[in-house]
Amino acid sequence: MARPFSVTEIESKWQSRWLEEGTYNVDNDDARERFYALCMYPYPSGSAHQGHVRNYTFGDLVVRYQTMQGKAVLTPFGFDSFGLPAENAAIKAGSHPRIFTEARMEELKSSVLKLGAVYDWRRFVYSHDPEYMKWAQWIFIKFFEAGLAYRAMAPVNWCPGCATVLANEQVLGDGTCERSGDVVERKNLEQWFFRITDYAEELLNDVDALEWPERVKTMQRNWIGRSEGVEFDLALASDMSQSLRVFTTRPDTGFGITYAVVAPEHPLLERLTTPEQKTAVDTLVAYASSASEMERTASSDAGAGLDKRGAFTGSYVINPFTGEQVPVYVADYVLGTYGTGAIMAVPGEDERDYAFAQAHGLPIIRTIEAPADVEGSYSGDGPHINSGFLDGLFIAEAKEKAAVFLEEGSNGLRKVNYRLRDWLVSRQRFWGCPIPIIHCESCGLVPVPSDQLPVVAPDDVVMDKSGQSPLATHDGFRNVACPKCERAARREADTMDTFTDSSWYFLRYTDPFSKDKPFDPVEAAKWMPVDQYIGGIEHAILHLLYARFYVKALVDLNIAPGIEREPFKRLFTQGMIRLDGAKMSKSKGNLIAPEKYYPTVGADGLRVFHLFVGPPADDVDWTDQTEEVIEGCARFIDRLVRLAEGFDVNFHEESNAEDLSVTQAVHRTIARVTTDLDRWSYNTAVAALMELLNTLSKNARSPEGINKGVLDNGIDTMLLLLAPMAPHITAELWEQRRPAESSVHQQSWPIADPAMLVEETVTMVVQVNGKVKARLEVAPTISEAEATSIALAAPEVVEALEGHAAQRVVARPPRLVNVVK
RNA sequence: GCCCGGAUGGCGGAAUGGCAGACGCGGAGGACUCAAAAUCCUUUGCUCGAGAGGGCGUGUGGGUUCGAGUCCCACUCUGGGCACCA
């Protein structure tokens with residue numbers, strides 16, 4: 001494609017100018033209104049892929065647009081540079097993860113620069129920077145001292161093929177390892193946790209006020225999974241002084257309890273098991289804790305449809321509602337980690353209990369009248385039956401009465417439970433931030449003194465596949481004197497989950513200059529919360545939840561006093577790019593590198609494509625047609641260049657009616673593009689600019705020509721409106737046309753003149769029975785009576801009425817009149 | 001199974017309850033050219049018709065309304081999230 005200008009020359013000229021002049025550097029004492037625009041902290045995966053391009057195109061548009069709106073825009077960049085892929089690559093090549101990571105950081109940085117995205121590079125932050133690690137560890141210690149970080153035994157995901165522990169997100173839905181495909185096993189190890197559950201209630205409540213996509217908010221709510229219920233005791237039939245504590249959200253169904261179930265891990269299981277049942281129970285427990293654990297819980301099938309394996313313990317408990325004895329089972333469908341690890345089972349109203357009762361021949365009693373066509377359990381509302389003092393009541397009222405009953409007689413306690421678990425933050429990996437704790441036999445867990453931070457892993461570590469942290473076998477690293485008693489002690493060998501790094505980087509950006517603290521709360525408060533956060537939907541739960549937790553905790557620990565408790569005011573989640581139906585990603589190897597477009601359509605052309613291809617939130621299918629659409633976007637830029645350079649343009653002196661309508665179109669476009677950019681409708685904003693270009697060029701190329709001032713104003717306005725989308729060519733053309741003025745990017749965003757938005761005439765549609773019969777040019781101020789009378793007088797309407805009188809006339813001046821025959 | 005989205009020309013997509021298909025891609029025709037590319041112009045939902053013009057049309061079936069792509073009900077298909085959380 002021959003283009004009317006040199007893409008590479010112009011783009012590299014402006015890119016180096018923005019970089020050298022620090023055009024988008026912004027100081028913390030800037031007097032303008034502030035705006036914090038942020039794209040999610042990227043993992044340095046090498047050169048950018050189209051997903052990055054899309055992300056940074058949107059982010060850069062926001063930065064440049066808000067700058068033209070007169071704001072001081074904070075636009076930082078950095079890297080989430082710790083992580084397993086670099087470690088695996090290093091093991092394979094016998095190299096060091098830092099070498100891989102830093103090479104890839106350079107690649108991605110250069111990709112981003114070639115896209116023309118602008119940042120305040122003085123604020124550059126990356127996770128494996130010792131300066132950053134120091135404060136990451138300092139925060140960990142603060143969490144530890146406040147009891148927010150603790151150690152406990154926990155089951156972790158172990159991949160036998162990779163001989164390493166995996167993060168939850170690396171385990172696929174079917175319980176296999178995303179890399180090797182092996183079935184992931186469960187191992188019990190002592191691990192570090194953050195007490196995120198302390199914040200469950202606040203994390204849930206604060207979701208409501210966030211300006212986030214509704215589906216992301218829903219996903220967060222579901223993940224936290226709040227449920228209200230009652231915890232109470234089921235007395236053992238053999239010894240009424242002993243009891244089994246259970247949790248239920250449906251106390252109203254208590255008359256339907258026909259058995260109870262404890263989890264295989266339940267501490268009381270051994271005592272509940274009678275000698276005759278011991279073999280059956282042991283078999284079940286062995287099965288539940290076996291290597292195929294993940295196969296048991298993870299399934300593509302509905303949970304209730306899974307096999308309901310279980311065994312009778314030999315013991316009985318008393319149903320407090322009926323006084324009857326019911327058997328206690330052990331079953332793996334009850335989780336040891338939720339509620340009390342034991343349940344009352346009500347097969348009549350619970351799907352899972354029903355399946356279990358069917359499989360084990362246990363009685364099923366309905367306690368709510370179900371519609372006639374319901375087979376199996378019924379969880380809907382209805383009057384209670386077979387329920388003594390609850391008979392006739394509906395769920396809400398019955399729940400309340402039943403709760404009071406349990407409170408009075410069975411140690412009942414109303415309780416709220418969450419699905420959310422504490423955050424397991426330790427990783428047996430090398431390429432992460434070391435946990436700054438020393439294990440001392442006499443002093444216990446001792447934080448590394450702050451003057452010894454950061455704890456940095458030594459380079460001469462052997463990274464093998466033993467499965468324990470490579471740091472664990474490095475004596476130089478591990479052996480250390482206890483900071484308290486100075487006796488021989490050992491350093492923690494685990495590193496932190498990389499999600500901890502991305503949980504506060506946006507705070508460090510606000511003040512990366514502080515040497516004596518992670519960030520100055522006063523400086524951070526000037527910028528926080530982030531006004532516009534932009535990223536992929538894949539982070540809808542984990543990253544966003546963790547970062548929200550971090551900020552709340554940092555405020556409460558007085559590390560970030562005065563900062564908004566929610567870090568991200570507005571979130572936009574872009575759609576993903578798909579190739580042949582699969583998400584485009586490095587790991588799938590189905591990338592279309594943006595580099596190939598820079599010499600041809602340029603960054604501007606590629607950016608306009610990403611804006612124009614469809615709604616920013618929607619997924620993009622990369623197809624055969626895509627290349628042609630990208631070229632179409634470059635063609636749009638070329639047509640603008642030719643028009644701006646006066647190619648084939650005719651002028652006339654006096655300004656005429658056509659010129660006025662062109663100027664009106666210019667102002668209408670200002671109004672449309674502005675509202676479109678504000679509501680993230682970038683595809684229609686580009687369409688509006690294409691339309692304006694069509695109007696300008698049509699008039700300028702007509703034999704009568706156009707008034708020069710009108711055309712110049714039209715082109716200048718287009719350059720301003722297009723500047724955030726195609727920053728290079730607009731800067732170049734602006735400089736050519738107005739060499740004495742400052743850059744297009746330093747201009748104010750244009751404002752539509754309201755007088756120019758008023759049209760002299762509008763087309764009024766006249767319908768008969770909803771079918772369009774006539775179009776009339778009328779004044780926009782036309783009255784209802786006037787509109788009605790000229791509509792009825794229109795020949796097409798008279799004809800359509802065939803002499804009948806109109807039954808009814810609906811007039812919506814000035815746009816429409818509908819005559820009902 | 002539960003919870004969210006989505007379904008509009010050949011394709012990507014536009015449309016505060018008021019002219020369906022803006023804008024672009026692709027197609028067709030033309031201008032320029034020895035020719036091609038590039039560029040520019042015209043045209044392009046389907047269908048009947050020589051034409052004027054008519055009929056049909058936003059996944060399906062109902063409903064509300066003078067009027068529905070848009071609102072309501074019931075489905076179908078499709079994408080995603082969660083998934084034995086009591």
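Order of the sequence lines fixes the chain letters, A, B, ..., with proteins taken first and strands second; residue numbering starts at 1 for each chain. Computed from heavy atoms alone, side chains included, the values below leave out hydrogens, waters and symmetry copies.
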Describe the nucleic acid contact of [X] in one word from base, sugar-phosphate, nothing, applying a heavy-atom distance below 4.0 Å.
X	answer
A:Asn683	sugar-phosphate
A:Gly632	sugar-phosphate
A:Thr337	nothing
A:Lys771	sugar-phosphate
A:Val613	sugar-phosphate
A:Gln807	nothing
A:Gln625	base

Review point. Between A:Trp423 and A:Phe193, is the ring centre distance below 6.0 Å?
Key: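 Judged by ring-centre distance (under 6.0 Å), A:Trp423 and A:Phe193 do not meet the cut-off.
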Practice item. Please find out if less than 6.0 Å separates the ring center of A:Trp622 from that of A:Phe609. Key: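 For A:Trp622 and A:Phe609, the ring centres are under 6.0 Å apart.
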Check your understanding: Side chain of A:Arg775, base of B:rC19: donor and acceptor closer than 3.5 Å?
Key ->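 Such a pair exists between side chain and base.
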Check your understanding: Does any N or O donor sit under 3.5 Å from an N or O acceptor when you compare the side chain of A:Arg812 with the base of B:rG18?
Key ->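 Such a pair exists between side chain and base.
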Check your understanding: C1' atom, B:rU43 versus B:rG59: distance in rounded Å?
Key ->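 Taking atom C1' in both B:rU43 and B:rG59, they lie 30 Å apart.
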Check your understanding: When the C1' atoms of B:rG10 and B:rG45 are considered, how many whole Å apart are they?
Key ->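 It works out to 10 Å between them.
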Per [X] side chain, nearest of listed nucleotides [options]:
X	options	value
A:Thr684	B:rA15, B:rC40, B:rG13	B:rA15
A:Glu628	B:rG67, B:rC41, B:rG26	B:rG26
A:Arg679	B:rA15, B:rC23, B:rA14	B:rA15

Short side-chain N/O contact to [N] OP1/OP2 from [X], under 4.0 Å:
X	N	value
A:Arg642	B:rA38	no
A:Thr623	B:rC11	no
A:Asn694	B:rA22	no
A:Arg221	B:rC3	no

Provide, to the nearest angstrom, the distance between the [atom1] atom belonging to [X] and the [atom2] atom belonging to [N].
X	N	atom1	atom2	answer
A:Asp621	B:rG13	CG	P	8 Å
A:Glu351	B:rA83	CD	P	16 Å
A:Arg815	B:rG67	CZ	C1'	17 Å

**Study point:** Shortest non-hydrogen contact between A:Gly310 and A:Phe356, atoms and distance
**Key:**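 Result for this residue pair: CA-CE1, 3.9 Å.
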Review point. What are the two closest non-hydrogen atoms of A:Asn319 and A:Gly254, and how far apart are they?
Key: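 Taking A:Asn319 first and A:Gly254 second, the nearest heavy atoms are ND2-O, 3.0 Å.
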Point to revise | Complementary nucleotide of B:rC82, counting Watson-Crick and G-U pairs under 3.5 Å | key: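 Looking at the geometry, B:rC82 pairs with B:rG1.
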Point to revise | A:Glu231 with A:Arg245: basic N within carboxylate O range, under 4.0 Å | key: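 Between A:Arg245 and A:Glu231 there is a salt bridge, with a charged N closer than 4.0 Å to a carboxylate O.
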Practice item. Please state whether the rings of A:His360 and A:Tyr329 are parallel, tilted or perpendicular, taking 30° and 60° as the class boundaries. Key: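 A:His360 vs A:Tyr329 ring planes: perpendicular.
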Practice item. May I ask you to list the residues of residues 685-693 of chain A, by number, that have any heavy atom positioned under 4.0 Å from an atom of RNA chain B? Key: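 Heavy-atom contacts with RNA chain B come from A:Ala687, A:Met690, A:Glu691.
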Check your understanding: If we ignore angles and hydrogens, is there a donor and acceptor under 3.5 Å between the side chains of A:Tyr378 and A:Glu351?
Key ->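 Note: A:Tyr378 and A:Glu351 side chains miss the donor-acceptor criterion.
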Review point. For the side chain of A:Arg414 and the backbone of A:Ala403, is there at least one donor-acceptor N/O pair under 3.5 Å apart?
Key: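 Judged by distance alone, no pair lies under 3.5 Å.
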